[in-house]
Amino acid sequence: MFLAQKFLSGVINVVSNNIDQFVPTDPPPPRRPAVYAEQHENDEEKQFRRVFQQLAGEDMEVSPNELMDILNRIVTKHGDLKTDGFSIESCRSMVAVMDTDSTGRLGFHEFKQLWDNIKKWQGVYKKYDEDGSGLIGAHELPKAFKAAGFPLNDQLFSMIIRRYSDESGNMDFDNYIGCLVRLDSMCRAFKTLDKDCNGTIKVNVQEWLQLTMYS
């Protein structure tokens with residue numbers, strides 16, 4: 001009842017659980033003109049930009065449908081990753097939480113950060129798939145999330161398992177990545193809003209809805 005009253009009054013306090021233990025990635029840098037990129041990018045970034053141009057096409061942006069096609073083409077080449085394939089809804093969510101400039105698509109830096117995270121988390125996924133099943137079981141998940149930078153308590157794990165795992169508590173690759181992308185983004189947003197670094201943020205209803213609905 002108290003939470004409902006706070007919500008209706010237009011102010012919500014969100015209190016973190018040891019937020020300093022979480023290690024979200026830095027936000028992507030802002031979009032810059034192509035001339036700036038050519039002058040300041042290193043060789044690895046230039047090479048990735050060429051790959052990105054092939055994947056994204058002339059508009060140099062990746063839509064949710066394009067992201068789904070890219071990711072599903074990749075995972076089909078990895079027989080050691082159990083997955084039903086990335087759904088359009090999952091890819092819409094990933095685009096939304098990585099879309100720092102609210103275009104509805106991923107630009108170069110946004111896509112590169114997502115790509116780098118997926119590669120990093122793929123390594124974690126394979127490491128903690130201890131029985132080689134291609135899945136991460138419920139008993140393996142705490143270590144896998146902690147290794148990815150997110151030590152969650154039992155309550156959060158129970159919620160995540162209900163949302164992202166199958167009936168046996170196993171989590172496949174696409175759900176693991178989708179969950180981590182969202183978790184990373186939400187923790188990053190929290191740390192940005194936690195101006196006093198005291199583990200508490202205050203947002204009004206409009207800000208709360210903007211934060212949670214487009215994700």
Side-chain angles (χ1 to χ4, degrees), residues 19-20 22-75 77-78 81 83 85-126 145 147-150 173-195 197 201 203 207 210-215:
I19 190 66
D20 289 337
F22 295 92
V23 189
T25 57
D26 294 328
R31 295 197 189 201
R32 298 186 176 101
V35 174
Y36 179 94
E38 291 172 0
Q39 294 175 347
H40 294 83
E41 286 178 350
N42 59 36
D43 291 340
E44 186 268 336
E45 289 172 323
K46 290 178 180 177
Q47 182 178 2
F48 190 87
R49 184 176 287 275
R50 289 193 289 270
V51 173
F52 178 73
Q53 188 168 13
Q54 294 175 358
L55 295 172
E58 292 183 0
D59 64 356
M60 289 294 283
E61 291 183 321
V62 170
S63 69
N65 279 294
E66 289 171 326
L67 179 62
M68 181 176 68
D69 181 59
I70 292 167
L71 294 179
N72 284 332
R73 274 190 288 159
I74 292 170
V75 295
K77 298 178 181 179
H78 292 270
L81 300 175
T83 176
F86 287 85
S87 67
I88 184 60
E89 189 56 39
S90 175
C91 290
R92 283 175 182 151
S93 179
M94 284 192 277
V95 167
V97 298
M98 298 299 297
D99 180 19
T100 56
D101 52 7
S102 300
T103 63
R105 293 167 175 260
L106 299 182
F108 171 72
H109 290 293
E110 295 164 335
F111 181 81
K112 187 176 188 302
Q113 178 165 335
L114 175 62
W115 188 271
D116 290 343
N117 284 345
I118 289 176
K119 287 197 302 181
K120 177 179 66 177
W121 294 332
Q122 177 187 347
V124 175
Y125 185 91
K126 293 174 71 173
F145 275 86
F150 303 99
F173 182 67
D174 57 286
N175 278 297
Y176 178 72
I177 293 299
C179 178
L180 279 176
V181 169
R182 186 172 184 130
L183 187 59
D184 179 66
S185 173
M186 297 304 286
C187 287
R188 187 168 61 245
F190 188 99
K191 286 198 168 187
T192 299
L193 294 169
D194 184 12
K195 309 276 186 199
C197 299
I201 64 174
V203 294
E207 292 168 334
Q210 289 175 345
L211 181 65
T212 57
M213 291 303 293
Y214 187 53
S215 64

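Position 1 is the first residue of the sequence, and the numbers go up from there.
Environment of CD in Q53: sparse, with no more than 12 heavy atoms of neighbouring residues, nucleotides or ligands closer than 6.0 Å.
Under a 4.0 Å N-O distance rule, the pair D116/K112 qualifies as a salt bridge.
Taking the six-membered ring where tryptophan is involved, the planes of F145 and Y176 are perpendicular, since the angle between them exceeds 60° and thus also 30°.
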Exercise for review: Using the side-chain contact (heavy atoms from CB on, under 4.5 Å) rule, take W115 and I74 through it: C-alpha gap first, then chi angles, then the decisive distance, then the call.
Suggested key: CA-CA 11 Å; W115 188 271; I74 292 170; 3.0 Å; yes

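A pairwise comparison of heavy atoms in D99 and G104 identifies OD2-N, 2.7 Å as the closest pair. Here the closest heavy-atom approach between residue G107 and residue F52 is recorded as C-CZ, 3.7 Å. Shortest non-hydrogen contact noted between R188 and D184 is NH1-OD2, 2.8 Å. Counting all heavy atoms, side chain and backbone alike, L193 lies closest to I201 at C-CG2, 3.6 Å. Nearest heavy-atom pair across C91 and L71 is SG-CD1, 4.4 Å. The two residues M68 and F86 have their closest heavy-atom pair at CG-O, 3.2 Å.
Annotation: the span from D59 atom CG to E66 atom CD amounts to 6.0 Å, rounded to 0.5 Å. Note that CZ of R105 is 13.5 Å distant from CZ of F111, once rounded to the nearest 0.5 Å. Separating the CG atom in L183 from the CZ atom in F150 is a distance of 4.5 Å, to the nearest 0.5 Å. The CE atom of M94 sits 5.5 Å away from atom CD1 of I118, with the distance rounded to the nearest 0.5 Å. In this structure, OG in S90 is found 9.5 Å from CD1 in I177, a value given to the nearest 0.5 Å. One distance of note links CD of Q122 with NZ of K126; it measures 5.5 Å at 0.5 Å rounding.
Inter-residue side-chain proximity for L114 and V181 is flagged as met; some heavy-atom pair is nearer than 4.5 Å. Contact of the S63 side chain with the V95 side chain is not registered, since no non-hydrogen atoms from C-beta on lie closer than 4.5 Å. Using a 4.5 Å heavy-atom cutoff, the side chains of D194 and K191 are not in contact.
Between T100 and the options H109, Q113, E110, a side chain to side chain donor-acceptor pair (under 3.5 Å) holds for only E110.
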